[in-house]
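So the structure is just underneath, and the comments pick up after that.
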Protein chains: 2
Amino acid sequence: MSASNGRATLHLPEFVPFRLNRLAVAVSDHLSAIYRERFGLQIPEWRVMATVGLVRDCTARYVGESTRMHKTRVSRAIAALVRRGLVERAPRASDKREMPLRLTRMGRRMYTALVPLALEREQALLVCLTTAQRHAFQQCLGRLEEFLGLA
Amino acid sequence: MSASNGRATLHLPEFVPFRLNRLAVAVSDHLSAIYRERFGLQIPEWRVMATVGLVRDCTARYVGESTRMHKTRVSRAIAALVRRGLVERAPRASDKREMPLRLTRMGRRMYTALVPLALEREQALLVCLTTAQRHAFQQCLGRLEEFLGLA
DNA sequence: TATTGTTATACTCTATAACTATA
DNA sequence: TATAGTTATAGAGTATAACAATA
């Protein structure tokens, strides 16, 4: 095998979209060991837990908007958590279409156990960057998110 | 709905693994408009094209290793490209298990059209960063890749 | 008529495992 | 016995579209 030498070359390992995708998969795999194997949560479920744990009485719609998940994905994740007794809900009196969500006692317990572990993993990843790099990296993420309308 | 104020809080929109995943999806969607709608390529196929276009006579195994795709995913992508007449292959004389890959004339034409568009998209994304930020960002990606054993 | 949320269905993408053939 | 590559099968994960209930 031999390298070609065309005009504009595209080397996949240096191509930012490829790198981002590969990095996101690796980080996600790294993290999912916690919430999947240890707590039996899938990504959408973990995102619901994280959202409801922080913003009590939020609705499925809010979860979908803040995590950018499709409403069917959110609906199924919530249903699974309700079945497992981790999340509870009841129609809101002022508008019975909405169903404010909150963690049950058991859900809160799981959340309280989960969050420090997730934050630890995030830190364990970021230790490979200097403090300055970490700031710069997060700033870049913010700019890109803003640029892409994700913020 | 109301914010809780526990000890260590995890705000998903600030949680790096979540941000990376969301960003990667958005960038990928942004890019796939090119190779999917315009050239009828799926991500694995596009990765094979990009690899073979640069490293002539590489094998499926090489593609899998350099793009971190499973061999079945690579195999199917190559098969699709061969069917479409974009890639050709023949067993290597010295070891008939291996099948060096190369772009056909048509494949090369597509590659030559595709690469500048992909690079343009990458640049169009990175313009939201200053030159210094861009360097810092790529450096951080490199450190993280190294740290995770992706490099 | 619009909105919140659910569900039936189908589709995309992927890996596991078993396979062929070569070495 | 190991490796390159293929394929059958099944499993995630997801969205589209139609739906019920409420506003």
Side-chain angles (χ1 to χ4, degrees), chain A residues 1 18 21-22 24-26 28-29 31-33 35-37 40-48 51-52 55 57-83 87-102, chain B residues 1 18 21-22 24-26 28-29 31-33 35-37 40-48 51-52 55 57-83 87-102:
Chain A
M1 77 198 167
F18 172 76
N21 183 70
R22 193 180 53 171
V25 169
S28 177
D29 285 352
L31 190 69
S32 72
Y35 53 70
R36 199 185 59 236
E37 291 161 27
L41 297 175
Q42 298 177 333
I43 290 185
E45 290 161 19
W46 145 248
R47 288 181 179 174
V48 171
T51 304
V52 178
V55 185
D57 287 331
C58 67
T59 63
R61 182 169 175 273
Y62 175 83
V63 173
E65 282 171 0
S66 71
T67 61
R68 302 221 140 218
M69 293 195 290
H70 193 274
K71 65 178 183 174
T72 61
R73 210 174 152 192
V74 174
S75 175
R76 282 181 220 279
I78 291 171
L81 294 172
V82 169
R83 268 197 302 276
V87 165
E88 60 188 359
R89 59 185 169 179
R92 191 196 300 285
S94 61
D95 184 340
K96 287 174 193 152
R97 292 174 305 184
E98 297 186 340
M99 306 266 276
L101 303 162
R102 58 175 66 182
Chain B
M1 90 195 154
F18 171 77
N21 183 71
R22 193 179 52 170
V25 169
S28 177
D29 285 352
L31 190 68
S32 73
Y35 54 67
R36 199 184 60 236
E37 292 161 26
L41 297 176
Q42 298 177 333
I43 290 186
E45 291 162 18
W46 145 248
R47 288 179 179 175
V48 171
T51 304
V52 178
V55 185
D57 288 331
C58 67
T59 63
R61 184 169 173 273
Y62 175 83
V63 173
E65 282 171 0
S66 71
T67 61
R68 302 221 139 218
M69 292 195 290
H70 192 274
K71 64 178 182 175
T72 62
R73 207 175 154 192
V74 175
S75 175
R76 283 181 219 279
I78 291 171
L81 294 173
V82 169
R83 267 197 303 277
V87 164
E88 61 189 358
R89 60 185 168 178
R92 191 195 301 283
S94 61
D95 185 340
K96 288 174 192 152
R97 292 174 304 184
E98 297 186 339
M99 306 266 276
L101 303 162
R102 58 176 67 181

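Proteins come first, then strands; the chains are lettered A, B, ... in the order of their sequence lines, and each starts at number 1.
- Heavy-atom distances to DNA chain C give each of B/Ala93 and A/Arg89 a nearest nucleotide, and the one nearer the 5′ end belongs to A/Arg89.
- In terms of the side-chain hydrogen bond (donor to acceptor under 3.5 Å, both in side chains) criterion, A/Thr67 has no residue partners (sequence neighbours excluded).
- Shown here are the salt bridge (Lys or Arg N to Asp or Glu O under 4.0 Å) partners of A/Glu98, two or more places apart in sequence or in another chain: A/Arg92.
- Direction of the helix axis in the helix from C/dT1-D/dA23 to C/dA23-D/dT1 shifts by 10° between the two five-pair termini, rounded to 10°.
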Dump every N/O contact between nucleotides 13-15 of chain C and the protein below 3.5 Å, one line per pair.
| residue | atom | partner | partner atom | Å |
| --- | --- | --- | --- | --- |
| C/dC13 | OP2 | B/Gln42 | NE2 | 2.8 |
| C/dT14 | OP1 | B/Arg73 | NE | 3.4 |
| C/dT14 | OP1 | B/Arg73 | NH2 | 2.6 |
| C/dT14 | OP2 | B/Arg73 | NE | 3.1 |
| C/dA15 | N7 | B/Thr72 | OG1 | 3.4 |
| C/dA15 | N6 | B/Arg76 | NH2 | 3.0 |

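- At a threshold of 4.5 Å between non-hydrogen side-chain atoms, the residues B/Leu41 and B/Leu81 count as touching.
- In this structure, the side chain to side chain contact (heavy atoms under 4.5 Å, CB included) partners of A/Ser28, at least two apart in sequence or on a different chain, are A/Tyr35, A/Ile43.
- The nearest whole Å value for the distance from the CD atom in B/Glu45 to the C1' atom in C/dT12 is 13 Å.
- Applying the side chain to side chain contact (heavy atoms under 4.5 Å, CB included) test to B/Arg68 and every residue at least two apart in sequence or in another chain returns A/Arg22, B/Leu150.
- Protein chain A touches strand DNA chain D; the 5'-most and 3'-most nucleotides with an atom under 4.0 angstrom of its non-hydrogen atoms are D/dG13 to D/dA23.
- In this structure, B/Lys71 reaches the bases: a heavy-atom distance under 4.0 Å links it to at least one base atom across the strands shown.
- Here A/Arg61 pairs with A/Thr59, A/Glu65 under the side chain to side chain contact (heavy atoms under 4.5 Å, CB included) rule; sequence neighbours left out.
- Atom CZ of A/Arg76 sits about 10.0 Å away from atom NE2 of A/His70, to the nearest 0.5 Å.
- Take A/Pro44 and apply the side chain to side chain contact (heavy atoms under 4.5 Å, CB included) test, not counting sequence neighbours, and it matches A/Gln42, A/Met69, A/Arg73, A/Ala77.
- Regarding A/Glu98, its CD atom lies at a distance of 9 Å from the C1' atom of C/dT3, rounded to whole Å.
- With rounding to whole Å, A/Arg61 atom CZ is found 9 Å from C/dT3 atom P.
- A straight line from CZ of A/Arg92 to C1' of C/dG5 spans 14 Å, rounded to a whole angstrom.
- When the options B/Asp57, B/Val82, B/Val63, B/Val55 are evaluated for a side chain to side chain contact (heavy atoms under 4.5 Å, CB included) with B/Leu101, the one that passes is B/Val63.
- Between the side chain of B/Thr51 and the backbone N or O of B/Arg47 there is at least one donor-acceptor pair closer than 3.5 Å.
- Judged as a salt bridge (Lys or Arg N to Asp or Glu O under 4.0 Å), and not counting sequence neighbours, the contacts of A/Asp95 are A/Arg97.
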